[in-house]
There are 2 protein chains.
Amino acid sequence: MSEVVSPNLAVSTVIFRLRPGADGTSELALPLVRRIRAPYEGRWALPGGPLTAHEDLAQAASRTLLATTSLQPRYLEQLYAFGQLDRSPDERVVSIVYWALVASDEAERTIENDNVRWFVADELPELAFDHKLIVEYALWRLRTKLEYSQIAHGFLGETFTLAQLREVYEAVLQKPLDPGNFRRTMEGSGAVVATGERLSGTRHRPPQLYKYDTSVNPADQGPLSHLTAPCTLVPANPSTTSFRTTTHASASGVSA
Amino acid sequence: MSEVVSPNLAVSTVIFRLRPGADGTSELALPLVRRIRAPYEGRWALPGGPLTAHEDLAQAASRTLLATTSLQPRYLEQLYAFGQLDRSPDERVVSIVYWALVASDEAERTIENDNVRWFVADELPELAFDHKLIVEYALWRLRTKLEYSQIAHGFLGETFTLAQLREVYEAVLQKPLDPGNFRRTMEGSGAVVATGERLSGTRHRPPQLYKYDTSVNPADQGPLSHLTAPCTLVPANPSTTSFRTTTHASASGVSA
DNA sequence: TATCTTAGTGTCAATGTGACTTGAACGCCA
DNA sequence: TGGCGTTCAAGTCACATTGACACTAAGATA
């Protein structure tokens, strides 16, 4: 009863992106990998892997999701440690799960095949282990946290228009938001600052480009902010995030 | 670099209670145990222990804190998994940390000695490992969560007056609250219901006794509520929670 | 019986928020 | 070239929420 064991320790990650949906709006999607070993061979599962000796938990999450999906997220945060006795049929496994946000252009780099695929968040297949519960909790956390913190820019590039930012909120919260009130709230919060540049190439009045004010400490993780800070500070790859600012090309990004 | 290991897996708990402070108000306190082994021998540390084979994570937290401090909390929730490489000087240890609330009368059962002692939350001694950071994060989580959920009753007995409930908020948030506004907010939230009974034995108008409305789902953990529910539903021991309802004795509880 | 103390109710002003209106600045097209 | 459709951006208004404060109620105490 009191024997000391070292259960297998694994790290998994729930990764979110936004992609163009059927009705013209954006929709949440997440990548799954097909299991090639028992148990649950052939089932879809969250990307992850075992924890190795010389990496801490967040590094393990980054490493495994890069290895399985080629993704480098803009936001990474610990979600929960799952350790129920019956979550794996054979051996005892404790999974420390992270959740992550990637920008749309970064997400395009995924090579989809028979074993790696993006799924719409609320149309998932049967998942291995307790991964369905894990995804539900990650979704709840994303939707809850979006409303009181500044994680929305994890889906976007370095700069963005308020319409793009609003579309993130509308897609995640699954409800339309009033553009005027959204602008008032965002500008009043001090979380975003205008860059002075405008985005041309639209079919209408050119909107201003904003960026997040990094000097405003989000305080959304309290004293632990430094544990994930190295990941949240990773800027988007400049070569893949160019909103056209003075050209005539149409706007890219989540609203594409 | 990629060798698979099974790091030692430990479970620790940050336990909070309220106790009468010097200035008449209540103050937060938490129990620590003295380490009797290297590393950090002699230092104070959070109660905890290794995870055993046939218990899940929350059970391990309950078991270890009962073994080390004799406490059975009224609220128990997972806090965070700490796995930094340098958090223990010798071997790699991943700690899954829980946090808990105990009622004052339950807390009185602790047998304090040279190796177990309650400390005021913001006057802690030097702690072992990264336990100072862990306590800081638990404190932040407690203060943050108190404002949007219904965890305050974890410090109280089955029934309580609104003044007692308000004192919990004032002690945790460290600021005075307007009694009238506090009453309006609490009654408006529907989280508490009047029992009809009153508390006599005070030096003034007898206040009404309230209890928490358990039918109102707090939704403060989203889809995971069932993982900790068995603990949060543990009622206080009836023999130790008798607020005097029709006697002349003075009120017990956090305001004693 | 007067007084003290907290319980409990009510009021008012400031602030925040949702719904809506109006003008501005582009590309587009006749 | 000039109206038209689009979204940007600023402004307005009603209502809900919240903080500060006044006032009455009901006990114990001297």
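Residue numbers start from 1 in every chain, and the chains themselves are labelled A, B, ... in the order their sequence lines are given, proteins ahead of strands.
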Requested in this report: Pull out every residue in residues 182-196 of chain A that has a heavy atom closer than 4.0 Å to any atom of DNA chain C, ordered by number, or say none.
Outcome: A/Arg184

Query - Results of side chain to side chain contact (heavy atoms under 4.5 Å, CB included) for B/Asp178 - residues two or more places apart only - result: B/Asn181

Please list, pair by pair, any protein nitrogen or oxygen found under 3.5 Å from a nitrogen or oxygen in nucleotides 23-27 of chain D.
from	atom 1	to	atom 2	distance (Å)
D/dA25	O4'	B/Arg205	NH1	3.4
D/dA25	N3	B/Arg205	NH1	3.1
D/dG27	N2	B/Arg203	O	3.2

Report summary line: Sequence neighbours excluded, the answer for salt bridge (Lys or Arg N to Asp or Glu O under 4.0 Å) partners of A/Arg141 is A/Glu77

Query - Residue list, side chain to side chain contact (heavy atoms under 4.5 Å, CB included) with B/Asp130, at least two apart or on another chain - result: B/Phe82, B/Arg87, B/Ile134

Requested in this report: Please tell me which of B/Asp178 and B/Thr161 maps to the more 5' nucleotide of DNA chain C, matching each residue to the nucleotide holding its nearest heavy atom.
Outcome: B/Thr161

Query raised in the report: Which residues pass the side chain to side chain contact (heavy atoms under 4.5 Å, CB included) test with B/Glu147, sequence neighbours left out?
Result: B/Leu173, B/Lys175

Report task. Please collect all ring-ring contact (aromatic ring centres under 6.0 Å, His included) contacts where either partner lies in residues 187-209 of chain A, sequence neighbours excluded, each pair once. Result -> none

Query raised in the report: Rounded to the nearest 0.5 Å, how far apart are CG of B/Asp220 and OG1 of A/Thr144?
Result: 10.5 Å

Query raised in the report: Who pairs with B/Thr161 by side chain to side chain donor-acceptor pair (under 3.5 Å), at least two apart in sequence or on another chain?
Result: none

Output side-chain donor-acceptor pairs under 3.5 Å for residues 205-212 of chain A, partner residues at least two apart or in another chain, one line each.
from	atom 1	to	atom 2	distance (Å)
A/Tyr210	OH	A/Glu187	OE2	2.8

Report summary line: Among the nucleotides C/dA19, D/dA9, D/dC21, whichever has the atom closest to the side chain of B/Asn181 is D/dC21

